[in-house]
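Start at 1 with the first residue, then count along the sequence. Order of listing sets the numbers, starting from 1, for every ligand and every atom in it.
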Amino acid sequence: MAKVLFAFVVAGVLLVLASSSYVMAADADPIDDFCVADLSSKLIINGLVCVDPATVTGTDFKFTGFEKAGNTSNALGSAVSPGFAGVNYPALNTQGLGFARLDYAKGGLIAPHTHPRATEVLYVVQGTLYVGFVDTNNKFYPTILNKGDLYVFPRGLIHFQLNIANGPAFAIASFNSQNPGLQLVANALFGAQPPIEDGVLVKAFGIPITEVETIKKGF
Ligand SMILES: *[C@@H]1O[C@H](CO)[C@@H](O)[C@H](O)[C@H]1NC(C)=O
């Protein structure tokens, strides 16, 4: 009897462990070896439709989109080059991964934002970055990254990167989702369409309506 009870307890613990690791996964598990996306298909599923696997070759898995720096001649002095299943890297479909090349001019900023569906790991290829994220208790976790360093931005938390090098910087970001989602904090609040009523932002930020309208003009 004790042995049977023990077996039940072990089975129960294993079941809880198995189901919790499933829940923690960012994307659904693949059910095929691969599913190179057919980017011309208009069919929407939880992911992307696959091309005929018989037509897939080694080159389908190769990606060359990060060879060139992005154009950082813009107000923030930064550029994001995508490496995502649904954009330009169809072999990532169903693999639970996404990538981006991030370029920063001197003083360039990737503004505060979140990825609701992915944890991000950033690898600094060149330059020096001041980075950090804010947790749900509003504790801030800043640090400085140099060439060769990695940093993890936990899933869904607000984060940014600022280039503090005396020249351009670049980094590669990896995500544990093929579609991490991106929400820029300032754009979401001050650039939403249709616009959020000024009164909401006046109260939320404790600033006069004239300032709300000035900030809104920037988006
Ligand atoms: C970079 O972007 C700026 C602003 O849009 C543009 O004027 C410039 O020609 C671009 N440079 C390159 C190399 O594409």
Pairing donors with acceptors under 3.5 angstrom, does anything connect the side chains of Ser177 and Asn179? no
Counting only non-hydrogen atoms of the protein, does one fall under 4.0 Å from atom 14 (O) of ligand 1? yes
Residue, atom and distance of the protein heavy atom nearest atom 4 (C) of ligand 1 read Ser73 O, 3.6 Å
For Lys147, I'd like to know if atom NZ has over 12 heavy atoms of other residues, nucleotides or ligands within 6.0 Å. no
What residue and heavy atom of the protein are closest to atom 11 (N) of ligand 1, and at what distance? Asn71 ND2, 2.9 Å
Side-chain touch Tyr151/Val124, heavy atoms, less than 4.5 angstrom: no
Determine, counting only non-hydrogen atoms of the protein, whether one lies under 4.0 angstrom from atom 9 (O) of ligand 1. no
Are Asn166 and Lys106 linked by a side-chain donor-acceptor pair shorter than 3.5 Å? yes
